[in-house]
Visitor: 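This is the structure, below, for whatever I ask next.
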Amino acid sequence: MELINTHTHTGLTGHGSGTVEEVVAAAEAASISTVALTEHFPLSADIDPTNYISMPWDVLEDYCEQIEAARAKHPGIQVLIGTELDWLGADEDRDLDAIDWERFDIILGSVHYLDLWPFDDPDQADHWDEVGHDAIWERYFDQFCEACTSNMPYDVMAHPDLVKKFNKYPSSAFDIKRAYQRAAEAAAAGQRMIEVNTSGATYACKELYPHIDLLTEFRKAGVPATLGTDAHDPRFVDRGIEAGLKLLHEAGYRQITVIQPGGDRRTIPLA
Ligand SMILES: [Zn+2]
Ligand SMILES: [Zn+2]
């Protein structure tokens, strides 16, 4: 089975490690056929003053050039220029119209912030019990749906149920099935792809993103699926890929979709 990984990070932020070249070399050594570098797109100095979360604005150009250099050096693997772009909703404070999005082969859309609170940050996890799980889950899926149908240049919605990361689930009063259906409808309406993100298995929730029931809703809605490991260290570039492919098959997908350089797509049959 062909292995792909369209979600990886480097040491260009304060929370990752490794270089672009190391990620590509590790991916090639792991027999991955397509790898995307998707470093966190720069945030404003107000939101990320130390570039712990996102890469600095002044390395963006160099980042793209490093990927092009790695692509030239490793003709045996397809290398995509990508980025992971936060959805900030009403709190967006960057001039995104000034960005040349065409230079990216793949843009991941991610909801990491709810009203500027990074809900998946372990250092700010106390806020979960102050706000309440049901309200957070509701807000998360509202924002996910808004991001899907926004005019943001997202190709793929990343880790679609990241809200489960800390294993903090809503009460039975929360209609999770309806939330999943809304997410799938929004992804289809916005013509986004979604990813199976294998990193969830390493967190408290101990399962891949998304849950099989949500993945099944995406499949029923005709939303194409791709796969990423969200590795923040080259050593983990292929972690969980086999499990991700298995989950896709269990959810009824019979093919996986891979973005190509330039943005075209191809599909790989799922055995
Ligand atoms: Zn992310
Ligand atoms: Zn990521």
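When reading the values below, keep in mind they use all heavy atoms of this one structure, side chains included, and skip hydrogens, waters and symmetry mates. Predicted, not measured: the structure shown is a model, and the values here were computed from it. Atoms within each ligand, like the ligands themselves, are counted from 1 in listed order. In this chain, residues are counted from 1 in sequence order.
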Visitor: Donor-acceptor check, side chain of Asp105 to backbone of Gly82, threshold 3.5 angstrom: yes or no?
Guide: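 No; judged by distance alone, with no hydrogens or angles, the pair does not exist.
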Visitor: Relative to the Zn ion (ligand 2), how many protein N, O or S atoms have a separation of less than 2.8 Å?
Guide: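 Protein N, O or S neighbours of the Zn ion (ligand 2) under 2.8 Å, waters not counted, come to 4.
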Visitor: Is there a donor-acceptor contact under 3.5 Å linking the side chains of Ser110 and Glu84?
Guide: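 On atom types as modelled, these side chains qualify, holding a pair under 3.5 Å.
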Visitor: Which ILVMFWY residues can you reach from Leu80 by hopping between side chains whose heavy atoms are under 4.5 Å apart?
Guide: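 Besides Leu80, the cluster holds Ile106, Leu108, Val156, Met193, Ile259.
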Visitor: Could you point out which residue of Glu28, Glu21, Glu22 forms a salt bridge (charged side-chain N to carboxylate O under 4.0 Å, His left out) with Lys73?
Guide: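 Of the listed residues Glu28, Glu21, Glu22, the salt bridge (charged side-chain N to carboxylate O under 4.0 Å, His left out) partner of Lys73 is Glu21.
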Visitor: Taking atom types as modelled, find out whether His40 and Asp86 have a side-chain donor-acceptor pair closer than 3.5 angstrom.
Guide: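 The criterion, which ignores hydrogens and geometry beyond distance, is not satisfied for Asp86 and His40.
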Visitor: Answer whether the closest heavy-atom distance between the side chains of Lys206 and Lys164 falls below 4.5 Å.
Guide: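 No; the side chains remain at least 4.5 Å from each other.
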